[in-house]
Structures are given as structure tokens and as C-alpha cells.
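Structure record follows, encoded as C-alpha cells.
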Amino acid sequence: MTHTDPDADRLISRAELCLTLGIAPRTLDAWQRRGIAPPAVHLTARCVRYRLADVRAWLAARQGAAA
């Protein structure tokens, strides 16, 4: 039996993402310019969110690349 994460589809704000990753918003800006930031969900032109499952997968991939 597999357990699904009820928060996997939860969307978090840019501020929440920065807090979660422990980074400054300017760092996120730099990562986005370099194309290495977690994937974003653009709800509108001015409303960007990040799917928690995508952030977790991005983190897992980054940890694997550093090993």
C-alpha cells in the first residue's frame, strides 16, 4: 500500500519557497535567470506559485547531483 502526500499538490508562494529553501529572494531571482530554479506555476502574469511536490523533486535532484 502506498501513502500519498496530501500536501504534494499544495502551491506555495515565492516568499514561502525562499523560507523553505533558506535563501534570499535575490538568490531565487539569480537562479531563475540561470534556469536552475524550481519549476514555477504561473497562475496569472503576476501570480507565481510553486508546487510543493515539484520543489521536493527539484531538491532531490540537486542533492543527487552534488553527491
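Just so it is clear, the structure is predicted and the values come from calculations on it, not from any experiment.
Among pairs with a residue in residues 5-24, none fulfils ring-ring contact (aromatic ring centres under 6.0 Å, His included), at least two apart in sequence or across chains. Sorted by first and then second residue, the ring-ring contact (aromatic ring centres under 6.0 Å, His included) pairs with a member in residues 10-29 form an empty list; sequence neighbours excluded.
Scored by the side chain to side chain donor-acceptor pair (under 3.5 Å) test, Arg56 finds Asp5 as partners (sequence neighbours excluded). Scanning for side-chain contact (heavy atoms from CB on, under 4.5 Å) contacts around Ala53 gives Ala8, Arg51, with sequence neighbours left out.
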In residues 35-50, what donor-acceptor pairs under 3.5 Å come from side-chain atoms, sequence neighbours left out?
| from | atom 1 | to | atom 2 | distance (Å) |
| --- | --- | --- | --- | --- |
| Thr44 | OG1 | Arg46 | N | 3.3 |
| Thr44 | OG1 | Cys47 | N | 3.1 |
| Tyr50 | OH | Gln32 | NE2 | 2.7 |

Side chains of residues 16-31: which donor-acceptor partners sit under 3.5 Å, not counting sequence neighbours?
| from | atom 1 | to | atom 2 | distance (Å) |
| --- | --- | --- | --- | --- |
| Glu16 | OE1 | Ser13 | N | 2.8 |
| Glu16 | OE1 | Ser13 | OG | 3.4 |
| Thr20 | OG1 | Glu16 | O | 2.8 |
| Asp29 | OD1 | Arg14 | NH1 | 3.2 |
| Asp29 | OD1 | Arg14 | NH2 | 2.5 |
| Asp29 | OD2 | Arg14 | NH2 | 3.3 |

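Here the CG-CG distance, from Asp9 to Asp54, works out to 9.0 Å after rounding to the nearest 0.5 Å.
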